[in-house]
Amino acid sequence: MKALVYLLLTQTKNKILSIRKKPGLIILYSFILLFVIGSLLYLILVGDKQVNILPVDNRSLFLFLSGFGLLYLYTFTYSGLSTGSTFFTMADVGLLFVAPISTKKILFYGLISALGKAMFASLFIFYQIPNLKNMYNYGIIEVLSLFFIYVILVIFCQLLSIGVYIFSNGNQSRKNMVKMLLYLFTGALIIAVYLIMKNEAVGIMEAVKMLVDRNWFGYVPIVGWVIMFFKGVLMGSIIDIAISLALFALVSILCISLLTAHKADYYEDVLQSTEFNYQRIQDYKEGRNISSTTNRKVKVKDKENGLNKGKGAFIFAYKHLLEMKRSSRFIFVDVLTVITTIGVSIAGYSIKNEMKAYIILAAVIYIQFFTTVFGRLKIELMKPYIYLMPEPSIKKLFAASISSLLKPCVDSIFIFSALAIVGGASILHCLFMAIAYICSGAVYVGLTIVYQKVLGSQPNQVVQMFIGIFLMLLIFSPAVVISILFSIFILPKSLLFLSSLPFSIVCLILAFIIFLSCGNLLDNTEISEVKR
Amino acid sequence: MLSVNNVTKKYGKLVANDNISFEVTGGEVSLLLGPNGAGKSTLIKCISGLLKFTGSIEICGNENKSIQAKRDLGYIPEVPALYDMLTIWEHMEFIARAYSLRNWKDRAEKLLERFELDDKKKKLGKELSKGMQQKLSICCGFLPEPKLILFDEPMVGLDPHAIKELKTMIIEQQQAGNAILISTHMLDSVNEFWNSTNIMMDGKIVARRYRNEMEEAEEDLETLFFRITKREN
């Protein structure tokens, strides 16, 4: 046990000390720490005073919690059906599993280590303190409860995944049984929403909110238990809190006993998942994250084996087309297009207001940041070929950007058609919003290039992401401000559909300037080194 | 063929390459030896144009980042960098088209055959084992028929057949008058064809020897390596 305590403490200590050598991380963590401390101080100072700047009913938060619960339930159950889950790293496998230490103690170490990671990952809840206070008037107890139940949810889902893996590994009929249970569970939820819609004569959103607020929903596995706990905190019901925690504990004990049964020989059960996680991390570090996201089996036929088009720098554009074709049957239309379109349809249906549709535009542009800046151009910049190829830098950059420039064009057709059809926004509004979406895509492509120039040698992905978001806000701020001023002071009401036009024009100009000024990037920058 | 002059590469305060100068001529197989962290891979990446540095590097008389220099350069990285969604054959086609090569197909077929990849042409990059990835990476490096080839630990992950084939290919390149720079820890594997060696320590070349000098002194590569790196330690 001494060795495990030593390992836990030393790893934690070294992790903290290693930050000293990373100024980027010091700034980032200091910023987060100050924000969290500031928010907590705000909560303490304001106390129970009613703030409610934007009063929102509690059910919308229950809806968020249910969403997280469902997402985790599906994700972890499916991972349980394939590779399982793990609390361990490859170093644990190589050094700890072969050491003469009790397997149960090692499992306990794994759980503690996972708990630490889950708590760290759940810190984001504290960033929401101002929103939670302003929207729901929550105090410190409610915020801490949210943090606590979220940590429980994350740990529990990992245990559940291991449990599902042990139960179903190598047994197709058991796998089918788990899948069937999941389908029945989903079907039951859909029927419940439908019945509420019918009986109460309400819309889909209201029906979902009513469903998660029903008392019996608290007994729905995982999703309901989370809500029951939090409602218990809000209403001061110790019984609800106790029942919820008891249910989590009961299933956790069941999963742990599955793990520790038969002389606690669980190493094999977590090995595949540990190796899989390790490989994913390596792939991510080596820039293979985007293309590896598809698990679709690709069988290449003889006549399909070849690029067949393109020469010089433009081979990158044709290569991207081929890669996209292999990742998705419809080339530019992929899972992201479908999910965004569905999301926009739901949001559009709920909002049904043309001016509020700009909130949807802002949201899709924000999501577009992550898909473009960490997309195919970024992958190219992490591989040596684009630097080695004997062609001018600007030509190579342009060719490698073509697919990223075209994708928003195709996506915008689906996204804004959905907004027009389901959300009822006018066609002209949607058209100009689509143009804004395409132009912001061009800025993001430019941003990827700036990114490489500024942060090419910055290996930390978290720092890269935060600086990227900061750059995005910096670049978009003038465009957004100009658009707002244009709409308020210049545009007549009949021409309000042109509100996003200044934004689009500024974006295009910015993209053009970035491209011209950074065109020689490949001659003046460094390949992002793989961090090992 | 390759001329490295006063190259310095720094990562913050760490000096990875410290004022390095050396040359590799046509038909010469030059080695970069040194303990881990000596700066060998960094130097190879600087020569390839993947990293920024101070000083100058010329490949066949052209600045290393010029288009002509890139045309004359072949680089086989330590970690194979392949595309998951391209097949083996498409990687070859990609290189051929990127370098605007003509009549490349027979050459590509032969390269794949030599590395026993000819029957796996339809396999995707993500389906290849580490060893197969390394073989394909070597084929991609050789396809444009470069005049200078840089190898960063080329033998790692290769099976004995592929190691033998690679050695033969290096000797062929040597005989054809091309320049080769190899960074390696596997001293035995390069013993039969090296012409010059550069031993690196702490970012500097601390010794440069030619084969004939060493043969006259009756010293072998391994003894030299340990003598120098031990003394420097």
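Labels below follow one simple rule: chain letters A, B, ... track the order of the sequence lines, proteins then strands, and each chain is numbered from 1. Computed from a predicted model, the values in this text were never measured in an experiment.
In this structure, the portion of B/L73 lying under 4.5 Å from any heavy atom of chain A is its side chain and not its backbone. Within the 4.5 angstrom heavy-atom criterion, no atom of B/I88 approaches chain A. Of the atoms belonging to B/K121, heavy atoms from both backbone and side chain fall under 4.5 Å from chain A. In this structure, no portion of B/K13 lies under 4.5 Å from any heavy atom of chain A.
Within 6.0 Å of atom CZ in A/F97, more than 12 heavy atoms from other residues, nucleotides or ligands are found, so the atom counts as buried in its surroundings. Around OH of B/Y99, the count of heavy atoms belonging to other residues, nucleotides or ligands within 6.0 Å exceeds 12. Around CG of B/D119, the count of heavy atoms belonging to other residues, nucleotides or ligands within 6.0 Å exceeds 12. Atom CZ of B/F225 has more than 12 neighbouring heavy atoms from other residues, nucleotides or ligands inside a 6.0 Å radius.
A donor-acceptor distance shorter than 3.5 angstrom exists from the side chain of B/K70 to the backbone of A/Y387, with no hydrogens or angles considered. At distances below 3.5 Å, at least one donor-acceptor pair connects side-chain atoms of B/R97 with backbone N or O atoms of A/N308.
The CD atom of B/E93 lies 8.5 Å from the CG atom of A/N305; values are rounded to the nearest 0.5 Å. Note that the NZ atom of B/K126 and the CZ atom of A/R326 stand 10.5 Å from one another [nearest 0.5 Å]. Separation of atoms NZ (B/K65) and CG (A/L388) is listed at 11.0 Å; rounding is to 0.5 Å. To the nearest 0.5 Å, the span separating OG1 on B/T87 from CD on A/E304 amounts to 10.5 Å. Atom CG of residue A/L307 and atom CE of residue B/M92 lie 13.0 Å apart, to the nearest 0.5 angstrom. One distance of note links OH of B/Y83 with NZ of A/K319; it measures 4.0 Å at 0.5 Å rounding.
Interface remark: of the candidates A/A399, A/S393, A/A313, A/P384, A/P384 forms the most heavy-atom pairs closer than 4.5 Å to chain B. With respect to chain B, the highest number of heavy-atom pairs below 4.5 Å among A/K396, A/K301, A/E391 belongs to A/E391. Note on B/D72, B/L86, B/L50: by heavy-atom pairs under 4.5 Å with chain A, the leading option is B/L50.
B/A98 approaches A/M389 most closely through the heavy-atom pair CB-CE, 3.0 Å. Nearest approach of A/E323 to B/M85, heavy atoms of both residues: CG-CB, 3.7 Å. Across A/V300 and B/K122, no two heavy atoms sit closer than the pair O-CD, 3.2 Å. Taking both residues in full, the closest heavy atoms of B/A81 and A/Y385 are given as O-OH, 2.5 Å, listed atom of the first, atom of the second, then distance.
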